[in-house]
Amino acid sequence: MQLKVDDLRRAVEQLDRSGARPDETMQLKVDDLRKAVEEMDRSGARPDETMQLRVDDLRRSVNRQAQEAASAPAGPSTALGRLLAPLLAFLRPLTARVAVLLAPALAFLAPYARKVEPYARKLKPQYPRPGRTGWRRWMPSWRQWIGGFFGAIGLTGLFLVVAYAATDIPDNLNSYATQQDNVYFWSDGTPMARTGWVQRQAMPLKDIPEDVRWAVLAAENESFYTDPGISMKGIARALYRTVGEGDTEGGSTITQQYVKNVYLTQNQTVSRKFTEAMISLKLDNRMSKDQILEGYLNTSWFGRGTYGIQRASQAYYGKDVSKLNASQAAMLAGLLKGAGLYDPTLSAANHKRAVERWSWILDRMVKIGKLSPEERATYTKFPEPLKTNPLYDTGEQSDYLVELATQYAKKAGHISDKDFDLGGYQIYTTFDKKRETALTGAVAKARKAAVKQDPDAAKTAHYGASSVATDGRILAVYGGADHRKQGFNESNASTVPAGSAFQPFVYAAGLEYGIVKERDAPRELITPETLYDGNDGIAVSTPEGPYWDRSGRKVVSHNDGNASYGQISLATALARSVNTPFMQLGMDTGLDKVKRTAEAAGLLSSSMGPQVPALSLGSSTPSAIRMASGYATFAAGGEHTEPYSVRRITRNGAEVHLVKPAQRRAVSSEVAGQVQQALTQSFTIGHPGAASASATVSGKAGTDQDDTASWYVGTAKSVSTAVVVYRMDLTKSLEPLPLKGIGGTAANSAAYGIWSGALDPLG
């Protein structure tokens, strides 16, 4: 196989006509080839057997050049290839599918492409451009600009067509369709409660009134029946917010929202939004608008653990969706923007937002012609929903435990209401089943005794109790007799004054900070043996002189029964609940420091009384949980841990990160020990028979001057328990009523009976 001189000449001429030029990678230059041919012509030489260009030699040459190129150092193009490798790997299956789909079309267009080729070649960039000077030599021509613009449009269109063809509607639905319960466990790992917070009942579209449908459409997507299933403007806005500003924003049609609810996750990412748009387009072509709207109304979240308009109607208005009017429908439609922000029963701010959105939706219904102005004029009053969801009313005592654990789990686990309602969580609580049973039994016994003693007074009696370990674990609570009749939790309610049970915090503040008795004098330290005036009716003084109230009278303090004790040590005054020394001690220490100490020990600032002398007499209204937590701080050597009710959370076996409270020092260990010693003496004096059983028990009774509350708070076996008994007629007023004897005697109060019964045996 010989390469003839004539053949070479023709090859050179063909290269000249095509305008080809050699580049640096060509080892056989065209000019060199031409010179060789001319030299052969002049010499009259003819190829012989030694002058042959064989195919095998060509193949070996090509292979050698390929190997050299492969072993060449990685340049910029190789580095770029590494960067683009993931993208190319993603696009490779798509391009293969495109090639198969477009093969017939490409075969049909091939003849036309050959005709267009000479004209397209003119678009090939030539840099530097001939006939231009300066920076213009490097700028594309107007033909190239136009070609690039239309090429980009074509490629974008081709990409969208391919993406649409390659996107399938998923066969599996989201987890909401197979809703799970949330399971609660006792501290020993045994099941405590199982709650199915999410409730749903699918309703055919024909059973949903048109006013309800159009209220939703007016709020979310008024062009639903005419749009293609997506909103390009909304998608562009959402992409700008997500990519450009790192924020997320809606912009979805009802079809897109339905796709997100049923097939996709709630993650606000560009890929999810793109997939959502493709599925929405395909779904809009496959399902009727009514079918999509029906699915959307039956799967959307409305808060209060409800999915779907039917359950939402029952949860907020206690009626079927078929009985809703346009005004109520507008309120429910407003919840679709976010029930956590628009449920009017959650907060005053929520109520304001809900009213504004309700009014706006009704106006939109008028604007799109789905509500007459005359009917709109009749809806002037906001349709207030029910305060609580009537669909959840088991009424068990464990409901109070579930309520506490749920609140804590959401906060400490950073779980949204919506995610929690979707279920699947395993909540391992700190509640001790034996202690809970004992506490509940002790309260039940006290209730029976009160009914026997004074049936009328017992009807308005309230009991709250809680046991908290020194490490912050809430072990037991008593929230009320029936969750269905009393929704609020007595153990967590800030209702009545602590009375003399508050004295340990005043005592601790004085020991911790010292006192000032004279103006500009330095603080002086005190001890448990420091003497104070324990007589009844003494005037309260400040470093500047007597303390005057607003009516211009000197403030005086009184003891229970107006008893006087003369000069008495602070430790003895605490053990015997003598009020007058602590009212003066609070003034000498500084009421701000008393408040600071009480809050550091565990009481909430929202429950603290005004900074007046009565603060030291227990005008603050802490809950039973917080009082138990405060006394636990003294038992823990002055270290305080915020009370918590959940120790672990998993979801379908996967651990959920839980923020656990850390210890912090409230008072010095020396002060905590002195307070604990005085409380032990208080328990010994008040209950000598019980005290002989164990020397590790401490406790103190608490009463207020109006005899409206009876407390007992104490510690045994590193567990502090607080019990409060009071009377209040919730149908008439929130003012506490006199106990009228059902609280028991000072030495053997109902609160102490519950406390000792819950901790039996005390030792």
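- Remark: the backbone N or O of Ile427 is not paired with any side-chain donor or acceptor of Asn182 at under 3.5 angstrom.
- Scanning for ring-ring contact (aromatic ring centres under 6.0 Å, His included) contacts around Phe185 gives Tyr428, with sequence neighbours left out.
- Judged by a 6.0 Å distance limit and a 45° cone about the ring axis, Lys289 is positioned over the six-membered ring of Phe224.
- For Asp363, the salt bridge (Lys or Arg N to Asp or Glu O under 4.0 Å) partners at least two apart in sequence or on another chain are Arg376.
- Counting only residues at least two apart or on different chains, the salt bridge (charged side-chain N to carboxylate O under 4.0 Å, His left out) pairs with a member in residues 328-346 are Arg304-Asp343.
- Residues passing the side-chain hydrogen bond (donor to acceptor under 3.5 Å, both in side chains) test with Ser619, sequence neighbours excluded: none.
- By the ring-ring contact (aromatic ring centres under 6.0 Å, His included) test, Tyr400 pairs with His483, sequence neighbours left out.
- Under the ring-ring contact (aromatic ring centres under 6.0 Å, His included) criterion, Tyr316 pairs with no residue, sequence neighbours left out.
- Under the side-chain contact (heavy atoms from CB on, under 4.5 Å) criterion, Asp417 pairs with Trp301, Lys410, not counting sequence neighbours.
- Using modelled atom types and a 3.5 Å distance limit, the side chains of Asp290 and Tyr225 yield a donor-acceptor pair.
- Under the rule for a ring-ring contact (aromatic ring centres under 6.0 Å, His included), the partners of His351 that lie at least two apart in sequence or sit in another chain are Phe382.
- By the side-chain hydrogen bond (donor to acceptor under 3.5 Å, both in side chains) test, Trp214 is found to be paired with no residue, residues two or more places apart in sequence or in another chain being considered.
- Ser607 contributes a side-chain N or O that, together with a main-chain N or O of Leu604, makes up a donor-acceptor pair within less than 3.5 Å.
- Looking at residues two or more places apart in sequence or on another chain, you find a salt bridge (Lys or Arg N to Asp or Glu O under 4.0 Å) between Arg648 and Glu655.
- Sorted by first and then second residue, the pairs that involve residues 345-362 and meet salt bridge (charged side-chain N to carboxylate O under 4.0 Å, His left out), not counting sequence neighbours, are Glu220-Arg357.
- By the salt bridge (Lys or Arg N to Asp or Glu O under 4.0 Å) test, Arg647 pairs with no residue at all, sequence neighbours left out.
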